[in-house]
Each structure stands twice: as C-alpha cells, then as structure tokens.
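See below for the structure under consideration.
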Amino acid sequence: MSTFTTVSLKNVLNKLYEGEDYRGEVISLIQDNFIAYSLDFLKRVMLAKIENKDITVDWYEKEFIQNEDLKKDEIAINSGMNMKTISNKYKTTKKDIVISASNDQYDDLKRAIDELIDVEKDLDLTLTIKYNKASVDLTLNETLIVINTLAVKRAAIRAGAWSSIGKNIEKPLMKSLCILYGVPEKNYEIIYKKADYSKNEDIYSREIDFYLVDNTEKSLLCEVKLMGKGNPEVADAVIARKTNLFVADTLSETNKRQLKDWNIEWIELRAKKGYEKVKDVLKSLN
DNA sequence: TGTCCGGGCGATGGAAGACC
DNA sequence: GGTCTTCCATCGCCCGGACA
C-alpha cells in the first residue's frame with residue numbers, strides 16, 4: 001500500500017508548475033516503501049527459520065504461504081505472483097482461488113529453482129541475516145525464493161505508487177490551475193463521485209476528471225494524464241470521453257496533431273512554460 | 001526511437017457476512 | 001432486522017520491455 005501525503009502532492013504540483021519532471025517524488029516513495037518492506041520481510045524470514053529449525057517441513061511454505069494469519073495478497077506475493085496476474089488468469093480474486101493459485105505457483109517456483117540450480121552446479125550463495133544477537137543462514141534455494149518475493153513485491157509497490165499519484169493529483173492540479181487563473185467558482189466543478197456503471201442507460205458513461213463550465217453554462221470535460229512517452233491510448237481515452245481539454249505531462253507530436261484535428265484543447269506541462277498556455281485555452285473555451 | 005500493449009495497484013461502491 | 005465490516009469486481013492510473 002503506497003499512498004501520498006499532502007506534502008508529497010504539493011511537491012508534485014510544484015514540479016509540474018515549474019515544468020520539471022515530477023517523478024522523483026514517486027520514485028522516492030517507491031524506494032522508501034521497498035527498502036522498509038525488505039528489511040521487515042528479511043526479519044520475518046529470519047524469525048521463521050529460527051522458530052522452525054527443529055521441523056523438517058518447508059518452513060517458508062508453512063509461515064509465508066499456508067499461514068492463516070496472512071492476507072490473500074500477502075500469500076500471493078510470498079508465493080511469487082501478483083494479484084493482477086491471478087485476476088487475469090482465474091478471472092477472480094476470491095480468497096480461496098488466490099490461496100490455491102499461490103500454492104500451485106509456489107510448487108512451480110520451487111521446481112524451477114531446482115532445475116536452474118541443477119544447471120549451475122558450481123554456483124553457491126548463502127544469505128546470512130543477522131538481527132540483534134541472532135543469526136541465520138539461508139540456503140541457495142531459500143535465498144532465491146526470498147529474492148523472487150522481493151522482486152514481485154517491488155512490482156506491486158511500484159505500480160501502486162504510480163496509480164495513486166495519477167488518481168490523487170488530477171483534481172488538485174485542475175483546481176489550482178483554476179484558482180491561479182482566476183476562474184470563478186461557478187465556472188468549474190469537481191466531481192468526486194464516479195458514474196454509476198450498474199445502471200443500464202449509463203452503461204457507456206465514464207468517469208470524468210474535472211469539468212469547466214463555459215459562459216453558456218455548458219459543461220466542458222477535462223482529462224488529466226501525467227504519463228510519459230509512448231502511450232497512444234490517450235487518443236482513445238479523450239475520444240471515448242468527448243474531452244474538451246486535455247492536460248498532460250508529455251505529449252508526442254502525433255498526439256498534438258490528433259488533438260488539434262479533433263478540436264481538443266491541450267496543455268503540455270513538461271513543455272517550457274507549458275502551463276502558461278492555460279490563459280489562451282480558457283479564453284478559447286469561453 | 002516511437003508505438004504497442006500487457007502488467008501492476010488504488011479508489012470506489014455494491015454484495016455478502018458478521019454482529020448486535 | 002438493522003447497522004457495520006469485509007470482500008471483491010470494475011474502472012482508471014502510469015510504466016516499461018518487445019517490436020518494427
């Protein structure tokens with residue numbers, strides 16, 4: 001779970017207004033979370049191995065996969081699989097499905113490690129974890145399992161952070177632009193509730209980031225995307241939502257041409273003085 | 001080097017349980 | 001039977017490696 005503090009959001013807004021890259025803030029959060037997770041995880045690994053030293057069963061499996069105290073997403077990660085993969089593969093994330101998928105995955109992982117180690121007979125590696133006065137050595141197999149889990153967890157932390165920043169910055173960004181350019185409150189609208197997808201007549205409705213309201217009281221749809229290079233689906237998104245104003249971090253020349261052809265106003269924050277274009281855009285949108 | 005496209009999770013809200 | 005909590009499906013967010 002990685003979410004942003006008010007301070008982080010403020011730092012990101014400042015970067016955007018300076019036309020600089022905002023990603024440093026996100027990368028820091030990912031790193032901090034990952035390091036903290038790694039330390040905690042290694043501590044738990046150490047304790048688990050010590051506590052089970054007299055038992056011949058697979059202590060990792062007992063403590064990190066078949067442990068009833070764990071949440072389903074922890075079990076999935078510990079087995080080496082992210083929740084999204086389970087959701088794609090089994091079309092559900094129900095707890096019992098996640099648990100059985102994790103068990104299968106863990107067996108698979110162990111088999112794969114055995115096979116690879118068999119090929120690389122000359123390689124050995126021991127991970128020694130020391131904490132306070134205790135110390136424990138992990139075998140090559142155990143070390144590889146731990147490395148795999150950390151890698152899978154990092155993917156989860158990374159994706160969560162990017163998802164979170166995108167979701168949480170769009171409304172503060174649009175609102176601050178409105179305040180900065182003196183847009184009267186009656187001329188913009190922040191929608192916090194998303195559309196109700198369950199209603200049949202609304203089946204094609206989409207969530208809208210922000211509305212500007214022009215002087216004829218017509219609502220203008222605004223879309224914010226902070227993504228970097230190489231994501232052509234922006235085109236689909238703005239078309240599907242009949243967007244009037246598109247605010248982005250980075251736009252390709254193709255993007256700009258398309259937006260112009262479709263009569264959609266755009267602002268590219270990473271461009272030099274990118275946000276100053278807002279003034280003209282507001283005028284043009286009446 | 002630019003595009004494609006699948007991977008990863010957060011936020012949300014309805015459904016299903018859990019508790020009085 | 002009503003309220004509170006947990007579960008989980010859905011949509012939307014950006015990344016980043018494969019490919020041309």
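All figures in this text were calculated on a predicted structure; none of them were measured in a lab. Lettering follows sequence order; numbering is per chain, from 1.
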OP1, OP2 of dG10(B) versus side-chain N and O of Asn168(A): anything below 4.0 Å?
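Asn168(A) to dG10(B) OP1/OP2: no side-chain N or O under 4.0 Å.
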Using a cut-off of strictly less than 4.0 Å, decide whether Lys72(A) has a side-chain nitrogen or oxygen near OP1 or OP2 of dC8(C).
yes
In whole Å, what is the span from the [atom1] atom of [X] to the [atom2] atom of [N]?
X: Ile77(A); N: dG8(B); atom1: CD1; atom2: C1'; result: 9 Å
X: Lys167(A); N: dA11(B); atom1: NZ; atom2: C1'; result: 6 Å
X: Glu170(A); N: dG10(B); atom1: CD; atom2: P; result: 16 Å
X: Ile30(A); N: dG8(B); atom1: CD1; atom2: P; result: 15 Å
X: Asn82(A); N: dG10(B); atom1: CG; atom2: C1'; result: 15 Å
X: Glu74(A); N: dC9(B); atom1: CD; atom2: P; result: 13 Å
X: Met83(A); N: dG7(B); atom1: CE; atom2: P; result: 15 Å
X: Asp21(A); N: dC14(C); atom1: CG; atom2: C1'; result: 12 Å

Show the numbers, then the answer: is there a side chain to side chain donor-acceptor pair (under 3.5 Å) between Thr128(A) and Asp137(A)?
CA-CA 4 Å; Thr128(A) 305; Asp137(A) 289 334; 2.9 Å; yes
Between residues 85-102 of chain A and DNA chain C, which residues have a heavy-atom gap below 4.0 Å?
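Output list: Thr92(A), Thr93(A), Lys94(A), Lys95(A).
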Under-3.5 Å N/O pairs linking protein and nucleotides 15-18 of chain C:
{"unit_1": "dC15(C)", "atom_1": "OP1", "unit_2": "Arg23(A)", "atom_2": "NE", "d": "2.6"}
{"unit_1": "dC15(C)", "atom_1": "OP1", "unit_2": "Arg23(A)", "atom_2": "NH2", "d": "3.4"}
{"unit_1": "dC15(C)", "atom_1": "OP2", "unit_2": "Gly228(A)", "atom_2": "N", "d": "2.8"}
{"unit_1": "dC15(C)", "atom_1": "N4", "unit_2": "Asn231(A)", "atom_2": "OD1", "d": "2.7"}
{"unit_1": "dG16(C)", "atom_1": "O6", "unit_2": "Asn231(A)", "atom_2": "OD1", "d": "3.0"}

Test Ile157(A) against Ile30(A) for side-chain contact (heavy atoms from CB on, under 4.5 Å), laying out the working first.
CA-CA 6 Å; Ile157(A) 291 172; Ile30(A) 293 169; 4.2 Å; yes
What does Asp249(A) touch in the nucleic acid at a heavy-atom separation under 4.0 angstrom: a base, only the sugar-phosphate, or nothing?
nothing
Establish, yes or no, whether a centroid distance under 6.0 Å links the rings of Phe64(A) and Tyr106(A).
no
Any salt bridge between [X] and [Y], counting N to O under 4.0 Å?
X: Asp104(A); Y: Lys89(A); result: no
X: Arg23(A); Y: Asp21(A); result: yes
X: Arg44(A); Y: Asp40(A); result: yes
X: Asp108(A); Y: Arg111(A); result: yes

Determine, stepwise, if the pair Asn103(A) / Ser100(A) fulfils side chain to side chain donor-acceptor pair (under 3.5 Å).
CA-CA 5 Å; Asn103(A) 280 314; Ser100(A) 79; over 6 Å; no
Has Lys277(A) got its NZ or CZ under 6.0 Å from the middle of the six-membered ring of Trp266(A), at an angle within 45 degrees of the ring axis?
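The answer is yes; both the distance and angle limits are met.
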Ser252(A) or Ala159(A): which one's nearest nucleotide on DNA chain B is closer to the 5' end?
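Counting from the 5' end, the first nearest nucleotide belongs to Ser252(A).
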